[in-house]
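Here the structure is laid out as structure tokens; the discussion comes afterwards.
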Amino acid sequence: MESVARQLPEVGRRDGKIGRERRGYFQMPLHYPRYTRADYETMPEWKLDCLLKEYGLPNAGDVSEKRKFAMGAFLWPPH
């Protein structure tokens with residue numbers, strides 16, 4: 001049976017080696033973040049940037065916009 005996974009294109013790197021281009025592709029990390037609303041509200045900007053980058057999400061805007069985006073992306077609504 002053929003694999004349905006899309007292969008990433010081979011691209012040359014600055015060091016001359018061949019690698020896989022990763023920009024523009026979502027890669028699900030092994031674990032889903034388990035932060036609370038209070039965690040996001042006090043999280044430093046550098047940590048928000050790392051979290052959003054890890055999930056391939058945009059991190060544009062000021063720190064309050066990043067917090068709002070992260071909470072919308074990762075917090076589940078209460079039942």
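Side-chain contact between Pro33 and Leu51: present, with at least one pair of heavy atoms (C-beta onward) separated by less than 4.5 Å.
Note: Leu57 CG to Phe74 CZ = 5.0 Å, rounded to the nearest 0.5 Å.
Under the salt bridge (Lys or Arg N to Asp or Glu O under 4.0 Å) criterion, the residue pairs touching residues 36-46 are Glu45-Lys66, with sequence neighbours excluded.
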Checklist entry - Step by step, would you call Asn59 with Leu48 a side-chain contact (heavy atoms from CB on, under 4.5 Å)? => result CA-CA 8 Å; Asn59 63 352; Leu48 284 166; over 6 Å; no
Checklist entry - Run the side-chain contact (heavy atoms from CB on, under 4.5 Å) check on Tyr32 and Trp76 step by step: do they pass? => result CA-CA 12 Å; Tyr32 193 80; Trp76 292 85; 3.7 Å; yes
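Remark: Pro44 engages Trp46, Lys47 in a side chain to side chain contact (heavy atoms under 4.5 Å, CB included) (not counting sequence neighbours). Under the ring pair (Phe, Tyr, Trp, His ring centres under 6.0 Å) criterion, Tyr40 pairs with Tyr35, sequence neighbours left out.
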